[in-house]
Amino acid sequence: MKEIFGVSPAMVAAVWRRHADVWVRTWKTNLLPPIFEPILYLLGFGFGVGAYIQTMGGVSYVEFIAPSILAISMMFGAFFEATYAAFVRMYYQGTWQAIAATPASPEDVLVGELFWATTRSVTNATLMTIAILIVGFIVDMQLLSWSGAIMMPIVAIPIGLMFAGMGLILTSYTPSIDWFNIPFFLFINPMFILAGTFFPLDEFPETVQYIAYCLPLTHAALITRALAYGTGFEQAMPSLLYIFLLMPVMMIFGVRMCRKRIVS
Amino acid sequence: MTEPAIRATGLTKHFGDLVAVNGVDLEVPRGICFGLLGPNGAGKTTMIRMMQASSPISGGSLEVLGTDVTTKGRNVRSRIGVIPQEDNLDPDFSAVFNLVVYARYFGMTKKQAMDKATLLLEDVGLTEKANEKIPNLSGGMKRRLIVARGLMNDPELLILDEPTTGLDPQARHRVWDQIRNYRRSGRTILLTTHYMDEAELLCDDLAIIDAGQILVRGPPRTLIHDTVGNEAIEFVASLFDGGDQALDRIESRAVELDLKTSRIADRIIAYGKNIAKLASEFESDKEVNDVIKRRATLEDVFLQLTGRQLRE
């Protein structure tokens with residue numbers, strides 16, 4: 001069997017297909033959140049709160065939060081899949097163990113998890129981009145540049161892989177499914193608010209800005225923002241570098257650390 | 001095809017300080033049904049997890065179907081069928097789709113998988129449930145489906161971990177039928193079980209293990225004959241009042257008569273040449289509620305060898 005660093009692409013594909021098959025079987029419920037969430041945010045925050053805000057970071061508020069919710073959905077897509085959903089497969093369903101009893105190896109199973117979690121980031125980004133374009137069309141505003149709309153699902157891949165790796169690291173440790181509340185409350189939710197998503201970072205005191213620039217979502221949002229506006233790619237380059245450096249580290253640690261939950 | 005199905009030499013497994021399997025030497029020839037018996041925590045599951053190349057060995061060497069499990073785990077796993085203790089079917093899929101998805105890991109095409117799945121569902125009597133979701137199946141049906149899943153790749157060796165635990169008598173007989181059918185096709189079976197009747201019924205050869213080591217090995221009838229003889233007598237007493245002391249008296253008398261005994265809860269089971277004498281002495285003891293003469297079984301061997309203390 002062909003292997004790359006001990007991982008079989010054919011087996012990873014089979015694992016990915018298994019997850020995709022489950023997703024397709026429940027597609028109606030799976031499509032709802034990525035389509036209706038952005039509409040809700042754009043209506044409530046963009047147009048509702050935005051009515052009281054002249055401009056935010058040089059653009060209207062609805063234009064400001066459109067790329068933010070895209071970055072957030074990429075994060076949630078992969079992170080949720082690699083934590084809660086992966087834990088259900090591992091702990092409650094024994095799916096990982098069942099697959100690891102076949103020619104597929106534990107590493108194949110985990111790399112399949114990473115790719116599947118990233119797929120969720122990509123599908124979220126795609127569906128949200130479409131929803132945002134439709135809302136923009138209805139209110140006669142261009143909320144996303146055309147080049148940005150095309151690029152969103154593509155940048156969702158490295159962003160998704162990075163968050164998926166982080167998710168697996170947490171899954172390797174978690175003693176129970178409720179424990180995931182801790183990283184969600186201490187890490188994901190603060191990031192959701194503070195990563196330059198709902199207001200620009202330059203409003204913060206300088207020290208807080210430094211902290212914010214360490215957060216992965218900050219960089220994901222800087223990238224989606226540059227793409228959405230169609231300008232300022234130079235400023236987004238360090239963010240891209242940040243993501244591409246952190247991504248392989250998180251993936252390798254995620255797979256290495258989760259291995260012990262399949263074999264002992 | 002001349003190599004044995006399993007060849008373990010000094011097989012060892014540590015979990016931190018705990019030694020779960022301690023230097024086991026075991027050779028299982030092809031074409032037989034081999035049983036691994038032992039109390040909870042004896043190391044049965046650990047042993048077979050190493051044999052199915054899903055748990056790395058800590059020491060010694062282990063070859064399955066003539067193939068080293070450490071260096072060629074994928075190859076081993078492609079040629080064996082694994083029936084785990086727990087239900088790890090995919091709850092989101094139908095019965096038949098569970099089999100089809102599983103077949104992908106063995107590189108089978110959709111057509112091959114469907115043909116094989118149809119055949120196996122027929123064999124295990126689940127044809128009518130083919131399109132039923134897993135949560136709608138009974139415990140016995142799930143178990144049969146897991147057995148069918150383990151047979152999807154036509155394994156040369158089938159490994160079953162407690163295949164009938166938690167099943168009702170009818171369901172147990174159906175699973176036994178499946179195992180015997182497979183055995184008849186000339187392939188090898190390795191199973192663990194707590195049920196001595198199951199082992200006596202299915203296994204050509206077996207090993208009783210405790211604390212990670214093999215205590216005895218042999219065909220069931222031979223083991224019974226050599227360890228406890230052919231007959232056994234049970235003395236049943238109440239656990240309170242004088243009952244306990246009566247059991248003590250029987251036990252010490254059995255020692256004098258050079259008999260082997262096993263004491264569990266409210267009874268003493270005695271084995272050996274002079275059991276008839278022991279029986280006649282205590283038959284009319286008013287503290288003894290019942291004296292049962294019966295054929296010795298594998299359970300007697302098990303109790304003799306693994307002691308009477310409560311496990312876990």
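Residue Lys260(A) places its NZ atom among more than 12 non-hydrogen atoms of other residues, nucleotides or ligands, all under 6.0 Å distant. More than 12 heavy atoms of other residues, nucleotides or ligands sit less than 6.0 Å from atom CZ of Arg183(B). Heavy atoms from other residues, nucleotides or ligands lying under 6.0 Å from OH of Tyr91(A) number 12 at most. By the 6.0 Å contact criterion, CZ on Phe15(B) is enclosed, its count of non-hydrogen atoms from other residues, nucleotides or ligands being greater than 12. When the shell of 6.0 Å around CD of Glu122(B) is examined, it contains 12 or fewer heavy atoms from other residues, nucleotides or ligands. Residue-environment remark: CZ (Phe45(A)) stays at or below the threshold of 12 foreign heavy atoms within 6.0 Å. At most 12 heavy atoms of other shown residues, nucleotides or ligands fall within 6.0 angstrom of atom CZ in Phe253(A). For Met114(B), the CE atom counts as loosely surrounded, since its 6.0 Å shell holds 12 or fewer non-hydrogen atoms of other residues, nucleotides or ligands.
Formation of a donor-acceptor pair under 3.5 Å by the Thr102(A) side chain with backbone atoms of Tyr105(B) is not found in this model. Counting only distance, with no hydrogens or angles, the side chain of Arg77(B) and the backbone of Ala101(A) share no donor-acceptor pair below 3.5 Å.
Contact annotation for Arg79(B): neither backbone nor side-chain heavy atoms come within less than 4.5 Å of a heavy atom of chain A. If you measure heavy-atom distances from Ala98(A) to chain B, the contacts under 4.5 Å come from both the backbone and the side chain. Proximity to chain B is limited to the side chain of Asp108(A), based on heavy atoms less than 4.5 angstrom apart. No part of Asn75(B) comes within reach of chain A, as not one of its non-hydrogen atoms sits under 4.5 angstrom from that chain. With a 4.5 Å cut-off on non-hydrogen atoms, Leu89(B) touches chain A through its backbone but not through its side chain. Neither the backbone nor the side chain of Thr26(A) has a heavy atom closer than 4.5 Å to any heavy atom of chain B.
Counting heavy atoms from C-beta outward, Gln97(A) and Pro84(B) have side chains that stay 4.5 Å or more apart. Two residues are said to be in side-chain contact when any heavy atoms from C-beta on lie closer than 4.5 Å; Trp96(A) and Asn88(B) fail this criterion.
For the atom pair NE2 (His19(A)) and CG (Asp92(B)), the distance works out to 11.5 Å, reported to the nearest 0.5 Å. From Glu3(A), atom CD reaches atom CZ of Arg74(B) across 4.0 Å, with rounding to the nearest 0.5 Å.
Figure legend: Arg25(A) and Phe97(B) shown as a cation-pi pair, the cationic atom lying under 6.0 angstrom from the six-membered ring centre and within 45 degrees of its axis.
Between Arg89(A) and Asp90(B), no side-chain nitrogen of the basic residue sits less than 4.0 Å from a carboxylate oxygen of the acidic one, so the salt-bridge criterion is not met.
Note on Ala10(A), Gly94(A), Ala13(A), Ser264(A): by heavy-atom pairs under 4.5 Å with chain B, the leading option is Ser264(A).
Considering every non-hydrogen atom in both Pro56(B) and Val263(A), the closest pair reads CD-CB, 4.2 Å. Here the closest non-hydrogen pair linking Asp21(A) and Arg104(B) is OD2-NH2, 2.7 Å.
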